[in-house]
Participant: 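Structure in structure tokens, see below.
This structure is a prediction, so every number in the text was calculated from the model and none was measured. Just so it is clear: chains get the letters A, B, ... in the order the sequence lines come, proteins before strands, and each one is counted from 1.
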Protein chains: 2
Amino acid sequence: MPLTLEEVGKLAGVSRSTVSRVVNGHPSVRDEVRERVWQVIRETGYQPHAAARSLASRRSQVIGVIIPEAVSTLFVDPFFALLLRGITGACNTHGYQLMLSLFDEPADQGETYRRILRSGRMDGVLVASTHMNDPIFPKLLQDSIPFVLVGRHPDPRVNYVDVDNVGGARMAVEHLIRLGHRRIATITGTLNMASGEDRLAGYCQALEAHRIPVQAALIGEGDFTKSSGTMGMQRLLSASPTAVFAASDVMAMGALKALREASLRVPEDVALVGFDDIPVAAALEPALTTVRQPIDRLGSMAADLLLNLLENAPDARAPAARIILSARLIVRDSCGALH
Amino acid sequence: MPLTLEEVGKLAGVSRSTVSRVVNGHPSVRDEVRERVWQVIRETGYQPHAAARSLASRRSQVIGVIIPEAVSTLFVDPFFALLLRGITGACNTHGYQLMLSLFDEPADQGETYRRILRSGRMDGVLVASTHMNDPIFPKLLQDSIPFVLVGRHPDPRVNYVDVDNVGGARMAVEHLIRLGHRRIATITGTLNMASGEDRLAGYCQALEAHRIPVQAALIGEGDFTKSSGTMGMQRLLSASPTAVFAASDVMAMGALKALREASLRVPEDVALVGFDDIPVAAALEPALTTVRQPIDRLGSMAADLLLNLLENAPDARAPAARIILSARLIVRDSCGALH
DNA sequence: TTCCCCTTTGGGAGCGCTCCCAGACATCTT
DNA sequence: AAGATGTCTGGGAGCGCTCCCAAAGGGGAA
């Protein structure tokens with residue numbers, strides 16, 4: 001049975017209200033009284049009751065992180081772990097708590113949505129959704145629940161933070177061009193995800209910037225899984241590319257397997273570049289050249305943005321914030337640059 | 001401005017109390033009335049206010065997951081992602097929410113502990129701590145906060161779920177013995193973590209069971225990081241082992257690097273076995289033989305156990321539950337069994 | 001018929017906090 | 001000296017729910 005404000009007040013010889021003021025840092029308390037109250041709080045280990053506070057103040061100091069169903073299968077991807085680390089970092093410094101929801105059941109998404117988001121449990125949410133047409137966005141907008149998306153979104157009302165997928169992909173492909181490659185293939189990610197689209201766009205931009213025609217035969221569609229990388233590569237082999245840009249490291253690993261099976265050496269016969277810089281990329285044989293995303297910054301920026309929205313005047317008329325973090329090319333062995 | 005019980009009641013022509021009974025499935029409501037109330041709830045999308053509910057009922061339907069500081073650096077490890085997936089699965093089926101806390105600041109751990117655990121925000125917690133002497137345990141016990149530990153703990157009051165690290169390690173080493181190895185080295189994990197200790201114990205047990213003397217020269221201490229695997233392997237080289245059991249796949253990868261640099265082939269010159277079966281283990285060259293833990297079952301079992309504790313009579317006199325899940329040897333190329 | 005009991009319903013009293021208003025003084029002002 | 005400020009403090013009135021008790025009404029037993 002923890003103490004209440006009232007009881008702390010009695011111990012310190014003041015009222016409930018004064019203790020509340022002290023706890024919340026309200027200035028109009030005499031120094032001497034404030035000190036006495038803190039003393040009691042310290043001695044007793046008093047801690048305000050979160051539910052009571054949130055009932056009375058209409059805010060919970062909790063934000064949610066929502067990872068929709070489609071993504072949660074990919075949850076093992078270190079991406080989410082890093083993202084969560086960035087998010088919790090920001091939460092810790094702002095004294096917020098984090099509620100994690102994986103939307104597992106596609107069936108009654110509406111029901112789950114209601115239970116989780118309309119119970120007043122969280123002040124705002126971060127959504128890590130890859131599908132821009134996820135039905136959650138209209139709902140969040142309609143309920144005017146403050147939210148920030150991790151990933152690009154076309155709706156002008158959506159606040160988001162994203163990595164510069166286009167620029168990252170362009171860097172990767174331009175690096176291959178600089179190394180003299182002209183027949184550069186790509187294995188794309190899922191094309192109805194923003195990251196899949198954007199990385200393909202970056203590939204195309206790089207080629208066009210160097211007046212290299214974009215050829216359908218050099219574009220293999222994948223879905224970010226390793227096996228789609230292998231299959232994509234196998235299909236691309238007939239076009240005999242001298243270099244391949246895989247839209248994710250995982251797919252690059254799949255491609256590597258296909259190349260090995262075709263007795264092609266990397267980078268001697270085919271140069272390979274990935275995207276993501278997952279932890280094993282450096283440990284592969286050959287070490288994978290790839291594009292690194294500042295994932296935990298992505299998380300902390302998204303959280304910062306959301307907390308900002310919550311703390312400062314939530315001015316509905318202000319335009320939505322769109323933050324793009326730049327990616328970085330990490331040159332290793334698989335592109336042949338170091339030979 | 002969401003509706004309240006009172007307002008739903010007015011719309012349905014009944015009182016607050018009746019609506020509450022309907023929402024909570026209390027039996028003593030006339031069927032006709034119940035139906036009418038549900039009708040209104042469905043039409044209006046009414047959702048009870050979590051804070052009010054939790055204030056009045058003294059329970060929040062939220063459990064916490066605490067990952068202490070020492071571990072959060074390793075958070076990128078897919079272990080935690082899988083564990084979280086298991087946990088959220090169990091939470092979703094029981095209608096609980098999950099609050100995630102990474103204890104980042106070792107400095108004021110006491111302060112953070114208080115803020116997070118004594119605010120009444122969660123009904124119980126899962127602790128993913130690797131250090132058995134983590135100061136959090138005495139605090140949790142003293143505050144009698146229901147909790148379940150993921151990982152072994154000697155205190156008889158602690159409920160825990162763990163993987164059979166001893167048995168897993170023994171399996172791995174016995175497999176090497178069966179393949180004819182006698183000079184089997186090990187690179188240990190951090191030795192004040194239960195998993196580090198236990199895997200070493202399994203290694204020793206396997207040797208002893210086959211009357212092979214345990215030699216200090218064949219035991220290299222690591223700390224679960226890749227570089228400690230490399231360094232450990234380098235030190236062990238002078239003892240010229242024919243096989244190595246690394247207490248984690250990540251360390252096995254480090255060891256692989258050291259072996260390569262020493263121009264030793266795996267598995268021809270030295271057989272190598274890891275532990276964990278992280279996703280890349282299969283993709284390594286050679287594919288790594290390792291021990292697989294049922295990580296997401298670990299998470300779901302821990303959550304189930306905790307929710308059980310919360311839902312059913314929290315009988316303080318009942319002995320703590322200790323659940324051990326068995327591990328499984330995954331034979332691939334690096335141990336030489338397939339040659 | 002009268003009484004008792006059982007089912008169903010309504011309302012009061014909190015849960016522990018925040019927010020606001022008013023009161024008690026002390027300090028200025030004119 | 002009297003009023004006008006200003007500073008600090010206490011208490012009332014909720015926040016939206018649960019829990020309990022009591023009341024209303026119906027049915028059966030005596």
Participant: For B:G13 and B:S57, find the nucleotide of DNA chain C closest to each by heavy atoms; which residue's nucleotide sits nearer the 5' end?
Facilitator: B:G13
Participant: Distance from B:F147 atom CZ to B:L310 atom CG, nearest 0.5 Å?
Facilitator: 12.5 Å
Participant: Compute whether any side-chain donor of one residue and acceptor of the other, for B:D155 and B:Y160, lie under 3.5 angstrom apart.
Facilitator: no
Participant: If you take all heavy atoms of B:L117 and B:M122, which pair is closest and at what distance?
Facilitator: CD2-CE, 4.0 Å
Participant: Going by atom types only, do A:R36 and A:Q39 share a side-chain donor-acceptor pair under 3.5 Å?
Facilitator: no
Participant: To the nearest 0.5 Å, what is the distance between OG on B:S119 and CD on A:Q97?
Facilitator: 6.5 Å
Participant: Where along residues 14-39 of chain A does a heavy atom fall under 4.0 Å from DNA chain C?
Facilitator: A:R16, A:S17, A:S20, A:R21, A:N24
Participant: Quick test of your reading of the model: are B:E311 and B:R59 salt-bridged, counting only N-O distances below 4.0 Å?
Facilitator: yes
Participant: Report yes or no: does A:H153 contribute a side-chain atom to a donor-acceptor pair with the main-chain N or O of A:V158 at less than 3.5 Å?
Facilitator: no
Participant: Chain B on DNA chain C: first and last contacting nucleotide, 5' to 3', under 4.0 Å to a heavy atom?
Facilitator: C:dT8 to C:dG16
Participant: Using a strict cut-off of less than 4.0 Å between a Lys/Arg side-chain nitrogen and an Asp/Glu carboxylate oxygen, indicate whether B:R42 and A:E111 qualify as a salt bridge.
Facilitator: no
